[in-house]
Amino acid sequence: MSILENRSLVTIANLSKEKILQLIEMAKEFERFPNRKILEGRIIATLFFEPSTRTRLSFETAANRLGGKVIGFTDPKVTSSTKGETLKDTIRMVAGYADLIVMRHFLEGAARYASEVSPVPVINAGDGANQHPTQTMLDLYSIYKTQGTLENLTIHLVGDLKYGRTVHSLLMAMRHFNPTFHFIAPTELAMPEEYKEYCQLHKIKYIEHNDFDENIIAQADVLYMTRVQRERFTDLMEYERVKNTYILRREMLHKAKENLRILHPLPRVNEISYDVDDSPHAYYFQQAQNGLYAREAIICDALGYSLEDVKNDTTILSFPTK
Ligand code: CP
């Protein structure tokens with residue numbers, strides 16, 4: 001049986017520790033051999049009602065590298081939703097064409113709704129300010145690769161903790177691994193109460209800060225920077241006021257622990273200066289590449305392939321990849 005709930009992946013919150021670790025093991029297998037034909041004959045639909053670069057392209061690359069085919073759209077304006085077609089009807093139609101639906105939508109809860117009306121699995125590629133579970137799987141894979149463990153880490157979440165769906169998903173997933181979080185945000189973009197209550201319920205330690213300096217960075221194993229989410233603001237004056245509150249500069253890393261890795265879901269706007277990119281602590285571009293392997297695992301799992309199936313797969317194409 002698939003390790004994803006109902007074979008759909010709507011929220012990271014329901015994945016057990018064992019299930020997360022199995023997906024990481026599967027991602028490791030795909031990093032060793034990313035090119036296969038295991039999905040030959042399968043069709044993956046990518047429905048993006050909101051813009052994306054990494055999530056869509058890494059899902060489509062994952063499907064293509066595994067021998068599947070991709071249909072979909074990148075702009076809802078070119079679909080019949082502009083004529084008034086409902087999400088329910090769109091999903092039911094696409095489910096008639098494809099074996100799996102990957103969907104990004106601007107409405108919180110849209111992925112859950114789609115999973116409830118779809119006869120094929122639905123993977124949430126981001127729903128409003130709510131969740132981004134596949135980003136979290138690649139974040140966990142990146143943390144595991146760079147720290148050698150997910151246990152007992154100090155993780156600093158910096159920037160837009162109000163609208164940033166990636167930080168919401170990450171803190172939920174980390175409940176299994178005894179983290180200590182530092183929430184670093186301007187008051188207007190602080191971690192919402194519901195996620196702080198989630199931390200209290202699951203005994204996740206957290207400390208809130210407004211300051212962001214080298215002494216705070218010195219405590220971190222993982223520094224998770226985020227973009228201020230302009231598209232979620234109703235008042236753009238407010239966005240202008242807070243958008244550059246925190247900018248990570250190279251000189252702020254001089255007290256950093258050797259194992260510190262800087263993650264960012266990307267895109268970045270202004271929150272990491274370019275002089276950080278060649279620091280040994282910078283990991284955000286490798287993190288984005290890890291998305292390919294994590295999403296290969298997520299697609300295969302949703303389509304019912306077990307870790308054993310992947311380990312025993314004989315369709316490997318062994319030409320080198322980057
Ligand atoms: N990290 C992320 O979701 O990037 P995209 O918006 O480009 O998909």
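The residues of the chain are indexed from 1 along the displayed sequence. In each ligand, atom 1 is the first atom listed, and ligand 1 is the first ligand listed.
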Once you measure the plane-to-plane angle for Tyr293 and Tyr141, does it fall in the parallel (<30°), tilted (30-60°) or perpendicular (>60°) bin?
perpendicular

Side-chain donor-acceptor pair under 3.5 Å between Asp139 and Gln135, yes or no?
yes

Would you check if there is a donor-acceptor pair between the side chains of Asp127 and Tyr113 at a distance under 3.5 Å?
no

Distance-only check: which donor-acceptor pairs under 3.5 Å involve side-chain atoms of residues 95-107, not counting sequence neighbours?
| from | atom 1 | to | atom 2 | distance (Å) |
| --- | --- | --- | --- | --- |
| Asp99 | OD2 | Ile43 | N | 2.7 |
| Arg104 | NE | Ala125 | O | 2.8 |
| Arg104 | NH1 | Pro51 | O | 2.9 |
| Arg104 | NH2 | Thr55 | OG1 | 3.0 |
| Arg104 | NH2 | Ala125 | O | 3.2 |
| Arg104 | NH2 | His132 | NE2 | 3.2 |
| His105 | ND1 | Leu107 | N | 3.1 |

Within the heavy-atom cut-off of under 4.0 Å, ligand 1 is lined by Ser52, Thr53, Arg54, Thr55, Arg104, His132, Gln135, Pro265, Leu266

Got a sec, which residues hit side-chain hydrogen bond (donor to acceptor under 3.5 Å, both in side chains) with Asp278, two or more places apart in sequence or on another chain?
Arg250

Just list the side-chain donor-acceptor pairs under 3.5 Å for residues 183-195, sequence neighbours left out, or say none.
| from | atom 1 | to | atom 2 | distance (Å) |
| --- | --- | --- | --- | --- |
| Glu188 | OE2 | Arg241 | NH1 | 3.1 |
| Glu188 | OE2 | Arg241 | NH2 | 3.0 |
| Glu193 | OE2 | Lys196 | NZ | 3.2 |

